[in-house]
Amino acid sequence: MCARVEFMIYNTHNMSPEAQHRYKIYTQMMPGSVMRLDTIHPVPKSPIGFDEILTTMGSHGFNNLKQFVSRLGLDSQDWLMIDPDPNCMPFTLLMGKHGGDVQTLGEASSTILTRTNVNGVLQVQFASALLDLTGNWRVVTAHYDGLDGLQGADISVSKNDLPIPTNLADLSQYAFQTLDLSQNDSYVLNAAGVITPRMMIKTGDPQHPHAVRFVRKNATTMELISYGIIDTSTPVEEAGFQCADPDNSDNFTFSQRGVWSLSLPSSLSVNTHST
């Protein structure tokens, strides 16, 4: 059974014919189209208890969540489920907010996206602002597979962290493979989680314009996706970004030249850890 059905029973039958027609034009609604639509015509949303979210994830093997969600502050937020026609949206999308009358997905403080892969394994993508060990906020995404643990992560960086050329002639020579947070579509189309403008605001002034990207290379290694001049002669490793293999606490630690660091669990399952 698809995880999105387990989270709740969608109430599209209560929508007006006009409202239903709006969603039927999306034969395969993706996170990006949901966010764009929500900024124009607010998408229906239903409150959902965080305990219900944890229970459902736990039934799919994500049973080591409490410490992780507490670090991200997910358990202290109010949660809403996005409710377009489930036949047009092959995933579940949840938005967290810190009180207030938050109406659109773009205003979400945190997001959780779940979907099942072709083998029926639940995959969960978290996105939120997280304090690094120096006390600075960074937008962080984490993509977990219920079977194999952490699959990908994005960590936002400032202009001081990432030496992006300011000269347009030099900039045109760069083929950055980092996530460009200035491009609206990048919030949701290219990240390991659904990033929102509200999360970027949390990073302060100036906001972080890019995010460095890591993907799972093998059972114990997260590999940094490099960027640089087209001939790749200036990989991102030269800027000091790296990811240490899981430590005794089974965490991947992401850092830059020892100036800042943060960690993410290699797995969110008690019984199924990567080996």
Side-chain angles (χ1 to χ4, degrees), residues 57 61-74 110 112 123-164 176-181 190-193 195 199-200 202-204 208-228 232-275:
M57 291 184 185
F62 290 91
N63 45 22
N64 191 27
L65 280 165
K66 286 189 177 180
Q67 183 178 2
F68 177 64
V69 301
S70 179
R71 284 183 57 215
L72 291 180
L74 305 182
S110 303
I112 300 175
Q123 297 178 320
V124 182
Q125 297 175 226
F126 299 93
S128 191
L130 180 65
L131 283 172
D132 63 25
L133 292 185
T134 63
N136 293 316
W137 290 102
R138 297 183 183 275
V139 176
V140 176
T141 72
H143 177 186
Y144 287 92
D145 184 297
L147 201 59
D148 298 316
L150 185 65
Q151 298 300 298
D154 302 291
I155 301 172
S156 71
V157 292
S158 70
K159 291 181 179 179
N160 292 331
D161 296 324
L162 189 65
I164 302 172
F176 287 104
Q177 294 180 4
T178 52
L179 183 66
D180 185 351
L181 298 180
N190 301 318
I195 297 173
M199 298 177 200
M200 293 178 60
K202 188 77 172 181
T203 63
H208 293 187
H210 282 256
V212 290
R213 311 189 66 185
F214 295 84
V215 296
R216 191 65 169 261
K217 182 178 181 181
N218 54 44
T220 60
T221 305
M222 293 292 294
E223 183 177 39
L224 183 66
I225 297 179
S226 63
Y227 77 93
T232 67
S233 61
T234 55
V236 74
E237 285 90 340
E238 293 184 10
F241 297 106
Q242 60 182 355
C243 178
D245 294 345
D247 56 22
N248 293 333
S249 301
D250 204 18
N251 291 318
F252 282 109
T253 300
F254 304 86
S255 64
Q256 183 186 20
R257 293 199 180 100
V259 175
W260 61 264
S261 66
L262 56 85
S263 61
L264 295 172
S266 65
S267 172
L268 295 179
S269 172
V270 171
N271 301 316
T272 308
H273 287 270
S274 301
T275 57

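- Residues satisfying the side-chain hydrogen bond (donor to acceptor under 3.5 Å, both in side chains) criterion with Ser110, sequence neighbours excluded, are Gln77, Ser128.
- Looking at every heavy atom in both residues, Met199 comes nearest to Ala127 through CE-O, 3.4 Å.
- Contacts of Trp137 classified as side-chain hydrogen bond (donor to acceptor under 3.5 Å, both in side chains), with partners at least two apart in sequence or in another chain: none.
- Closest approach of Ser269 to Ser267, counting heavy atoms only: N-OG, 3.1 Å.
- Listed by chain and residue number, Asn218 satisfy the side-chain hydrogen bond (donor to acceptor under 3.5 Å, both in side chains) test with Thr221 (two or more places apart in sequence, or in another chain).
- Of all the heavy atoms in Val157 and Trp260, the pair that sits closest is CG1-CZ2, 4.3 Å.
- What you find for Met57 and Val124 is that their closest heavy atoms are CE-CG1, 3.9 Å.
- Annotation: salt bridge (Lys or Arg N to Asp or Glu O under 4.0 Å) contacts involving residues 123-141, sequence neighbours excluded, comprise Asp132-Arg138, Arg138-Asp161.
- Residues Phe214 and Cys243 approach most closely at CE2-CB, 3.7 Å, considering heavy atoms.
- Taking Ser255 as the reference, Gln242, Ser261 meet the side chain to side chain contact (heavy atoms under 4.5 Å, CB included) condition, with sequence neighbours excluded.
- Here Asp145 pairs with nothing under the salt bridge (Lys or Arg N to Asp or Glu O under 4.0 Å) rule; sequence neighbours left out.
- Counting all heavy atoms, side chain and backbone alike, Phe254 lies closest to Ala153 at CZ-CB, 4.1 Å.
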